[in-house]
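The next block holds one structure in the form of structure tokens; read it before the comments.
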Amino acid sequence: MNTNTAPDFIRARIAADLAAGKNDGRLVTRFPPEPNGYLHIGHAKSICLNFGVARENPGGVCHLRFDDTNPTKEEVEYAESIMRDVRWLGFDWGDKLFYASDYFERFHAYAIELIKMGKAYVCSLTPEEIRAYRGTLTEPGRDSPYRNRSVAENLDLFARMRAGEFADGTHILRAKIDMASPNLNMRDPAIYRIRKTSHHRTGDRWCLYPMYDFAHCLSDAIERITHSLCTLEFEDHRPLYDWFLDTLGTPYHPQQIEFARLNLTYTVMSKRKLLQLVHERLVDGWDDPRMLTISGLRRRGYTPAAIRNFCELIGLSKKDSRIDMGVLENCVRADLDENAPRRMAVLKPLKVIIDNYPDDLVEELTAENHPKRPELGTRQVPFCKEIYIERDDFLEEPPPKFFRLAPGREVRLRFAYLVTCQAVERDPKSGEITALHCTYDPKSRGGTAPDGRKVKGTLHWVSARHGARAEVRLYDRLFLSEDPEADKAVDFKQNLNPDSLTVLSDCWLEPSLGQGAEGQNYQFERQGYFYADPASASAAKPVFNRTVGLRDTWAKERGRD
RNA sequence: UGGGGAGUGGUCUAAUGGUAAGACAGCAGACUCUGACUCUGCCUAUUCGGGGUUCGAAUCCCUGCUCCCCAGCCA
């Protein structure tokens, strides 16, 4: 699918490193999520990169490492969902599962080393004071009054911090770097803060926890990661990443390389905002099919292959960009077109009575499961005098180029018969069309007339006497504007699309779809791809989620008037 | 008027001093028992602007502009 064979700048660099014999020819990457939320499509890009690069190179390895250094935000539920999602996407970390929290003792030892070198100190300023001392983007910061505490005093204080003698926020351990650095990250950044919170893995063993900048580079070094790939916003953390490792003289010094994170139109990607949508119940949980989380996409009916292909297609660079949602949609269409079995389902039913069809006759007609893959076989679909067709497939006054059903017009019922509309039945009060009367050509069984006459329109249908009733959920984009976060003055939730979910509860499925379809992808012919919602398996009637509609040039044509 | 990044068709990505390529979108058509799929053709960039070096510049130099990130005891 991706015809552009040129490697991206990261793969090119890795290839060069490998060719130059760097890192003894090893290649080790890592995917380092914080277990503070569910994975989304943006993480998929990183997962495909890190695991992909490892898979592509002989001997390459990718670690899954939980960056669990902040117990106030992290939960096991998240860690579990992350593992499930990475696996579902088709990647395997083997026995390379790590937790930053497993290194807490080593981090602590490194911190003490820093103190002994005179490169770290306990600062007892309040958070507000620290901010004031930090200076601004254009003014240098000022040294903390605690900056010159003796090594002995720092050691003592740090020990007492660990022992739990101090309350949250009263002291932190800081690196002693340069309060005048133009890079704010270098103005004596925090290394350890006190958090009397129990951790999802270490319980109450610790009351002080390392900061990201300290923990991440050390974790990478401990695991002997060769290429530490992260997003652009960490670019100006790289000097700090390098400072810690150089200052401590770790046996190994990984290379951090940054790339642009994924943005998509009509959605938000930050975990913080997704969490808000979940907590404020604006969506139906992390796996709401409108969410661009991995679990949401899964429940929507996306396939791992489609997501992987998408990640490959969009490329990799350092340029801020926003990918059109249509690209993602095309990727599932492509996968499902090839792999999803076809079925017929009527979403907005209109009854059709075939007047010249025997009252009690039921015929089992043969329908192919996939037009291009005969090996996927056929199925039998019952046909009788009363059927449903799609309301949109009939128009009393058809406009030009409309070649579906209309009074006096003949169309084909897919895999069945040619029928001609003879009369319209309507509600005398409302005038609403309640049913159509048609006649069929008995000689057109299967869908072709022996005289070879052509009909332009083919409609899908379901037997009104045999079909299974179902609920179908149609999803539209979650937000109204391409970039819901564009206007910083407006809450992004103001941009939510009120019509992002449409529930159709009077849908009719061909009988083969009535039960046991959960977790299956189908194409409902002429409509789109649908996924039998596993979360609704116990509902009274089957529930199908629309993954994505078929490309609809007729709708486009209509949209022009 | 600090620091770090980035600017190539509508959108992504490639071309790494040798004369702008691919994909998606769009448009037109062919095919069709899915107005799908597939196929064909077309369209859109003198590469953010301005200078310079060079036989030759998207690539190198100078200069200007625009956008993104950084002032958490978040990651």
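Chain naming here is simple, since letters A, B, ... match the order of the sequence lines and numbering starts at 1 in each.
OP1 or OP2 of B:C68 has not a single side-chain nitrogen or oxygen of A:K318 nearer than 4.0 Å.
Using P as the reference atom, B:U59 and B:A15 are 14 Å apart when rounded to the nearest Å.
Between the side chain of A:R404 and the base of B:G35 there is at least one donor-acceptor pair of N/O atoms closer than 3.5 Å. Remark: the A:R322 side chain and the B:U11 base include no donor-acceptor N/O pair separated by less than 3.5 Å. Within 3.5 Å, no donor on the side chain of A:Q527 pairs with an acceptor on the base of B:U34, nor the reverse.
Glycosidic torsion of B:G72 falls within 90° of 0, placing the base in syn.
The 5' end of RNA chain B is approached more closely, in terms of each residue's nearest nucleotide, by A:A260 than by the other of A:R333 and A:A260.
With respect to A:E34 and A:K271, no salt bridge is recorded, no charged nitrogen being found less than 4.0 Å from a carboxylate O.
Using a 4.0 Å heavy-atom cutoff across all strands shown, A:H460 reaches no nucleic acid atom at all. Among the atoms of the strands shown, none is found under 4.0 Å from any heavy atom of A:K271. Counting non-hydrogen atoms under 4.0 angstrom, A:F310 reaches nothing in the nucleic acid.
Figure legend. B:A21 is base-paired to B:U13; pairs are counted as Watson-Crick or G-U wobble with both atom distances under 3.5 Å.
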